[in-house]
Every structure is written in structure tokens, then in C-alpha cells.
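What follows is a short report on a single structure.
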Amino acid sequence: MTGAGGEVKRSRRTQDRLESLYTLDSYMDKAATNAENIKRMKRLLKVAMQFSLTDRQREVVRLHYLEDKKVVEVAEELGISRQAVYKLLRISRKKLQKLKNIF
């Protein structure tokens, strides 16, 4: 259907569907950007870990943040207490926090 001036008239339902598609498309673009940022941050984290953390700290950070394991799982896998995992994570975060200005 065309309206005055040759414009295409759309029903409200069709208009809502089109707006939903535009919103979804915009969301997917943002999601892709976020996914790319997450990958970039993980790469930077790996590099920072190599130069600033001890082997044990690096292992705890890798398991918890990069492999998304829970503290309990990290503790079991490494054979250490949950408190030790929390302490290693806290120390590691402090060290990595100091490096954030570099990146």
C-alpha cells in the first residue's frame, strides 16, 4: 500500500517486526564487538600473566578466569584449599591491576 507522497504504508504489526529486526541486528553487532573485546582482553591477560605472576598464581588465574572454573574446582584440581585459591587470586589481581595502564 502506498500513502500520500508515494510512501509505503505498513501495518503496525509489520512495523513492530521490522523494529525488532533492527534491534536484534544492533544487538548482534554489539555482541560481536563484546566477544571480540573479551578475546582481546584474554590475550592481553595471558601476556601479562607470563611476565608478572608466579607459576602458581598463573595457574589459578588461568583455571578460574580463562577456563571459567569455580574456586572449589580450582582448589580440588590443584590440591589446595579454597582460602589459598582466594588469596592467590587476590594477589594476582593486585599485580595485574598495576599493569592495566600499560595496556
From CG (L88) to CG (L63), nearest 0.5 Å: 11.0 Å
I91 and L53, any side-chain heavy atoms less than 4.5 Å apart: no
NZ/NE/NH1/NH2 to OD/OE distance under 4.0 Å, E59 and R56: no
Results of side-chain hydrogen bond (donor to acceptor under 3.5 Å, both in side chains) for D55 - residues two or more places apart only: R58
Neighbour count above 12 (heavy atom, 6.0 Å) for Y86 OH: no
Side chain to side chain, L89 and Y65, heavy atoms closer than 4.5 Å: yes
Considering only distance and modelled atom types, tabulate donor-acceptor pairs under 3.5 Å from the side chains of residues 75-83, sequence neighbours left out.
from : atom 1 : to  : atom 2 : distance (Å)
E77  : OE1    : K69 : NZ     : 2.5
S81  : OG     : A84 : N      : 3.1

Over all atoms of both residues, closest heavy-atom pair of T54 and K95: CG2-NZ, 4.3 Å
Any residue meeting side chain to side chain contact (heavy atoms under 4.5 Å, CB included) with K70, in chain and number order, not counting sequence neighbours: E73
